[in-house]
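The analysis underlying the following values was restricted to heavy atoms, covering all of them including side chains, and did not include hydrogens, waters or symmetry mates. Residues: numbered from 1 along the sequence shown.
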Amino acid sequence: MGFQVVAGDRELLLNISGWTAALTLRREIKIDYISIEEIRVGKFHFPWTVAIKRTGITTFGYKAGIFMIEDKKYFLAFHNENEVVMLKLKGCEFDYIVFESRNYKQLVHEIMRNCPSINLIENE
């Protein structure tokens, strides 16, 4: 999966490469910390029956791309739906960004350090 998250002082930079970039027509996404309303970590259940794919790929082993789910715009990039970070955004191109992170605890710590008012929810 060609996806890397870089936590800066004012924003998250999502670097997208390889097939993921080609399939999603994106090379990067910048997210200001003040745009993040909520962080969820843990499981994300992909709603097969209501998701409408704009660009990308969906298989049982990989989800990447831009989707409309219940009138909300999502950017997805993950293999393991049990180890994802989901960012709920306001005032951005996407309403939600969902991505896999091997070290999500450290990433969440960095985000919370830069913007402590963000609500953190852990999904079981």
Quick check on the hydrophobic clustering: are [X] and [Y] connected, directly or via other members, by side-chain heavy-atom contacts under 4.5 Å?
X    : Y    : value
I52  : W48  : no
Y104 : I121 : no
F99  : V6   : no
I118 : L120 : yes

Can you tell me how far the [atom1] atom of [X] sits from the [atom2] atom of [Y], to the nearest 0.5 Å?
X   : Y   : atom1 : atom2 : value
E38 : M86 : CD    : CE    : 6.5 Å
L13 : N15 : CG    : CG    : 4.0 Å
C92 : D32 : SG    : CG    : 7.0 Å
Y74 : I97 : OH    : CD1   : 12.0 Å

Side-chain contact, heavy-atom cut-off 4.5 Å: [X] with [Y]?
X    : Y   : answer
F94  : L87 : no
R54  : M68 : yes
I36  : I34 : no
V85  : V98 : no
L89  : E37 : no
I111 : I39 : yes

Identify which one of N80, N82, L76 satisfies the side chain to side chain contact (heavy atoms under 4.5 Å, CB included) criterion when paired with E100.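 Among the candidates, only N80 passes.
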
With side chain to side chain contact (heavy atoms under 4.5 Å, CB included) as the test, pick out the partner of V108 among E110, K105, M112.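 It is M112; the other options fail the test.
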
May I ask you to decide whether E93 forms a salt bridge with K73, counting only side-chain N to carboxylate O separations under 4.0 Å?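 Result for this pair is yes, salt bridge flagged.
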
Less than 4.0 angstrom from a charged side-chain N to a carboxylate O is my criterion; do E28 and R26 meet it?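 Between R26 and E28 there is no salt bridge, as every charged N stays at least 4.0 Å from the carboxylate O atoms.
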
Smallest separation among heavy atoms of I69 and P47, with atom names: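 Heavy atoms of I69 and P47 come nearest at CG2-CG, 3.5 Å.
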
Could you pull out the closest heavy-atom pair between A7 and L107, with the gap in Å?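 That closest heavy-atom pairing would be CB-CD1, 4.3 Å.
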
Between F44 and F78, how do the two ring planes meet: parallel, tilted or perpendicular, split at 30° and 60°?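 Ring orientation, 0 to 90° scale: perpendicular.
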
Cationic tip of K63 within the cone over F46's six-membered ring, i.e. under 6.0 Å and within 45° of the normal?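 Ring-cation test returns yes.
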
Between Y33 and S117, does the side-chain hydrogen bond (donor to acceptor under 3.5 Å, both in side chains) criterion hold? Intermediate values first, please. CA-CA 10 Å; Y33 288 122; S117 63; over 6 Å; no

May I ask you to check whether over 12 heavy atoms, not counting those of [X], lie within 6.0 Å of atom [atom1]?
X   : atom1 : result
L25 : CG    : yes
K72 : NZ    : no
D9  : CG    : no

For the ring pair F75 and F67, is the centre-to-centre distance below 6.0 Å?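 No - the distance between ring centres of F75 and F67 does not fall below the 6.0 Å cut-off.
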
Check step by step if side chain to side chain contact (heavy atoms under 4.5 Å, CB included) holds for V84 and V41. CA-CA 6 Å; V84 300; V41 295; over 6 Å; no

